[in-house]
Amino acid sequence: MLARRWFSFSKTHPILMRMLTSTPSGSKPLPDMHEGHLPIHVNNVRNKLRSIVGASTNWSDHVQAMNERKALHTLLAKNQADLPPRKMRDSYIEVILPLGSQPEIREKYLNVNNTVRFGRILEDLDSLGVLICYTHTKHEAVQRSPLSIVTALVDKIDLWKKIIHPDCDIKFTGNVTWVGRTSMEVKMHVLQLQNDVYCPVLDATFVMVARDPENKRSAFVHPLIPEGPEEEKIFKEGELNKMRRTDFSKASLLKMAPTAEERTVIHDIFLNTLDERTVSFRSRVLPPNSVWMEDAKLKGLEICQPQERNIFNRIFGGFLMRKAYELGWATACSYGSSRPYVIAVDDIMFQRPVEIGSLLLFSSQVCYTEENFIQVRVHSEVYNPDTRQHHTTNVFHFTFMSENQIPQIIPKTYGESMLYLDGKRHFDSAMKETRA
């Protein structure tokens with residue numbers, strides 16, 4: 001099953017294959033999408049972002065830099081109709097991570113298994129997504145952008161290769177593919193150079209939102225005009241993605257009861273764990289090759305330092321994703337007793353910004369298993385020691401594959417059963433394309 005998922009890229013994504021790869025048979029990219037675009041070195045992405053918003057590289061100057069942005073309010077559009085429409089190719093960017101040609105930058109991306117740290121790729125994707133949106137909204141006559149563009153959601157990330165090699169160059173590409181009034185969908189692709197050909201590694205879909213210079217209110221962005229049937233199809237997919245997210249949110253188990261089929265799943269688990277000797281609702285027995293859900297979790301704590309700030313002097317979203325992923329990976333590794341491989345990331349909602357100096361708590365939980373797949377949910381929250389209040393900032397969903405057969409996760413309480421069903425929903429969503 002998984003092999004089909006990783007290596008069926010050319011079959012399931014013919015548009016992306018034509019756009020992103022060059023092959024011996026002479027496949028051509030979409031017309032003009034990347035012509036005339038010089039690749040950006042990965043180390044220059046965040047420098048460009050600082051320049052666009054006027055952010056200081058010194059933490060001591062951050063208050064002054066943010067105060068200077070207040071004067072940019074006058075540059076905001078009163079409504080979207082005042083902004084000229086843009087095309088997909090206007091926001092297209094290529095970024096090079098030269099792991100092969102510049103080995104001195106390798107160590108930052110290297111893990112103990114001599115592969116690339118996926119958490120670092122998440123950081124680079126987050127920065128690139130923001131830069132792509134600033135490119136879509138740029139105004140040549142304005143030195144600094146009045147917009148504060150932040151990541152609202154990681155809709156999904158699908159991986160097509162099991163291993164990312166640490167000694168081959170990597171290319172990131174992406175552009176805006178759908179635009180609402182104040183939000184933008186960005187599709188990004190990661191490819192790695194092998195035998196002189198860039199081969200697909202992963203596809204990512206992010207949703208960014210535009211805010212005013214002080215990051216307090218929504219701001220309008222340039223509309224997007226698709227060109228030709230291929231781009232119209234991509235744009236329509238963005239509309240469908242928005243509708244899918246809305247439907248998924250409405251059906252959340254925090255709002256709605258489980259479906260009849262889901263209730264049957266939970267009741268079957270309950271019946272399979274009853275103690276036949278006592279025939280009691282309270283007496284439960286763990287089946288063979290199973291683990292109680294309460295015994296499959298890990299926790300972590302981060303003190304949010306200025307080093308991890310973004311261009312708006314809050315904690316960088318890519319850093320949050322990296323720390324959550326690494327804890328999720330450790331949870332899957334501990335649970336499966338072998339090295340896991342991430343195959344999908346989906347539905348990461350950025351609910352609340354994380355301020356510098358916050359105490360950031362992570363809680364990682366195995367919430368669903370099937371065959372040798374492990375679904376992990378990571379919850380992050382900030383803790384205020386003065387008020388002793390906790391506030392959720394993010395919920396992350398990761399799908400891993402273990403090298404070995406794994407025990408079945410078993411919920412015991414009703415709350416755990418809802419986590420189990422939520423994990424099953426995310427797993428089924430991540431694997432839907434494979435099963436099709």
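Starting from 1, each residue takes its place in the sequence as its number.
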**Asked** Considering residues, nucleotides and ligands other than Asp82, do more than 12 of their heavy atoms fall under 6.0 Å from its CG?
**Response** yes

**Item:** Distance-minimising heavy-atom pair for Ile356 and Asn313
**Value:** CG1-O, 3.6 Å

**Asked** Does Val221 offer a backbone N or O that forms a donor-acceptor pair with the side chain of Gln80 under 3.5 Å?
**Response** yes

**Sole residue of Tyr325, Tyr109, Phe398 in ring-ring contact (aromatic ring centres under 6.0 Å, His included) with Phe118** = Tyr325

**Item:** Geometric cation-pi criterion, Arg46 with Phe316: 6.0 Å, 45°
**Value:** yes

**Request:** Assign the ring pair His136 / His222 to parallel, tilted or perpendicular, where the plane angle (0 to 90°) is split at 30° and 60°.
**Result:** perpendicular

**Prompt:** Where do Gly129 and Met188 come nearest, in terms of heavy atoms and distance?
**Reply:** N-SD, 3.6 Å

**Prompt:** Taking it one step at a time, do Asp422 and Cys367 satisfy side-chain contact (heavy atoms from CB on, under 4.5 Å)?
**Reply:** CA-CA 8 Å; Asp422 186 64; Cys367 54; over 6 Å; no

**Message:** Could you walk me through whether Ile105 and Leu97 satisfy the side-chain contact (heavy atoms from CB on, under 4.5 Å) test, starting with their C-alpha distance in whole Å, then the side-chain angles of each, then the deciding distance to 0.1 Å, before giving a yes or no?
**Reply:** CA-CA 9 Å; Ile105 69 173; Leu97 172 56; 3.8 Å; yes

**Prompt:** Hey, is NE2 on His391 packed in by over 12 heavy atoms from elsewhere, all under 6.0 Å?
**Reply:** yes

**Nearest-0.5 Å distance, CD1 of residue Ile93 to OG1 of residue Thr135** = 3.5 Å

**Message:** Using salt bridge (Lys or Arg N to Asp or Glu O under 4.0 Å), reason through Asp90 and Lys138 one step at a time and then give a plain yes or no.
**Reply:** CA-CA 10 Å; Asp90 293 334; Lys138 70 180 178 181; over 6 Å; no

**Message:** In the structure I gave you, are the side-chain heavy atoms of Val130 and Val150 within less than 4.5 Å of one another anywhere?
**Reply:** no

**Prompt:** Stepwise, does the side-chain hydrogen bond (donor to acceptor under 3.5 Å, both in side chains) test hold for Thr393 with Gln351?
**Reply:** CA-CA 5 Å; Thr393 61; Gln351 300 180 21; over 6 Å; no

**Request:** Determine, step by step, whether Leu224 and Met88 satisfy the side-chain contact (heavy atoms from CB on, under 4.5 Å) criterion, reporting the C-alpha distance in whole Å, the side-chain angles of both residues, the deciding distance to 0.1 Å, and the verdict.
**Result:** CA-CA 7 Å; Leu224 182 67; Met88 290 189 186; 4.1 Å; yes

**Prompt:** Hey, does Pro98 have a side-chain heavy atom less than 4.5 Å from the side chain of His41?
**Reply:** yes

**Ile303 atom CD1, over 12 foreign heavy atoms within 6.0 Å** = no

**Prompt:** Given the rule in the ring pair (Phe, Tyr, Trp, His ring centres under 6.0 Å) test, do Phe396 and His426 qualify, once you have shown the distances and angles that lead to the verdict?
**Reply:** CA-CA 11 Å; Phe396 307 83; His426 282 94; over 10 Å; no

**Parallel, tilted or perpendicular, as decided by the 30° and 60° cut-offs, for the rings of Tyr420 and Tyr368** = perpendicular

**Request:** For the residue pair Asp167 and Arg106, establish whether any side-chain heavy-atom pair is separated by less than 4.5 Å.
**Result:** yes

**Asp212 backbone acceptor or donor facing Ser148 side chain under 3.5 Å** = yes

**Prompt:** Does Ile157 reach the side chain of Phe206, with side-chain heavy atoms less than 4.5 Å apart?
**Reply:** yes

**Message:** Does Glu107, at its CD atom, have more than 12 non-hydrogen atoms belonging to other residues, nucleotides or ligands within less than 6.0 Å?
**Reply:** no

**Message:** Please give me the minimum heavy-atom distance between Ser249 and Lys255, naming the atom from each residue.
**Reply:** OG-NZ, 3.2 Å

**Message:** I'd like to know if Lys424 and Glu370 make a salt bridge, using a cut-off of under 4.0 Å between side-chain N and carboxylate O.
**Reply:** no

**Item:** Flag side-chain contact, heavy atom, 4.5 Å: Arg377 against His397
**Value:** yes

**Prompt:** Does Lys87 pair with Glu231 as a salt bridge, N-O distance under 4.0 Å?
**Reply:** no

**Request:** Output, in order, the C-alpha distance, side-chain angles, deciding distance and verdict of salt bridge (Lys or Arg N to Asp or Glu O under 4.0 Å) for Lys236 and Glu232.
**Result:** CA-CA 6 Å; Lys236 187 175 181 180; Glu232 288 175 359; over 6 Å; no

**Request:** Among Leu131, Ile149, Asn310, Leu128, find the residue that satisfies the side-chain contact (heavy atoms from CB on, under 4.5 Å) test when tested with Leu49.
**Result:** Leu131

**Asked** Stepwise, does the side-chain hydrogen bond (donor to acceptor under 3.5 Å, both in side chains) test hold for Ser363 with Lys299?
**Response** CA-CA 4 Å; Ser363 179; Lys299 294 188 176 183; 4.9 Å; no

**Message:** Could you check whether any side-chain heavy atom of Tyr383 comes within less than 4.5 Å of a side-chain heavy atom of Arg388, counting everything from C-beta outward?
**Reply:** yes

**Prompt:** Please walk me through it: do Ile164 and Thr115 pass side-chain contact (heavy atoms from CB on, under 4.5 Å)?
**Reply:** CA-CA 6 Å; Ile164 307 176; Thr115 61; 5.8 Å; no

**Request:** Before giving the answer on side-chain hydrogen bond (donor to acceptor under 3.5 Å, both in side chains), spell out for Ser429 and Arg244 the whole-Å C-alpha distance, their side-chain angles and the decisive distance to 0.1 Å.
**Result:** CA-CA 11 Å; Ser429 176; Arg244 171 180 51 80; 5.3 Å; no

**Request:** Evaluate the ring planes of Phe235 and Trp178, with Trp represented by its six-membered ring, and classify them as parallel (under 30°), tilted (30 to 60°) or perpendicular (over 60°).
**Result:** tilted

**Prompt:** Any side-chain heavy atom of Val95 within less than 4.5 Å of one from Asp124?
**Reply:** no

**Request:** Determine, stepwise, if the pair Lys233 / Glu230 fulfils salt bridge (Lys or Arg N to Asp or Glu O under 4.0 Å).
**Result:** CA-CA 5 Å; Lys233 180 180 178 181; Glu230 298 282 12; 5.8 Å; no

**Request:** Answer yes or no: is there a donor N or O on one side and an acceptor on the other, between the side chain of Glu308 and the main chain of Phe319, under 3.5 Å?
**Result:** no

**Request:** Check whether any side-chain heavy atom of Glu416 sits under 4.5 Å from a side-chain heavy atom of Gln365, and report yes or no.
**Result:** no

**Neighbour count above 12 (heavy atom, 6.0 Å) for Arg50 CZ** = yes

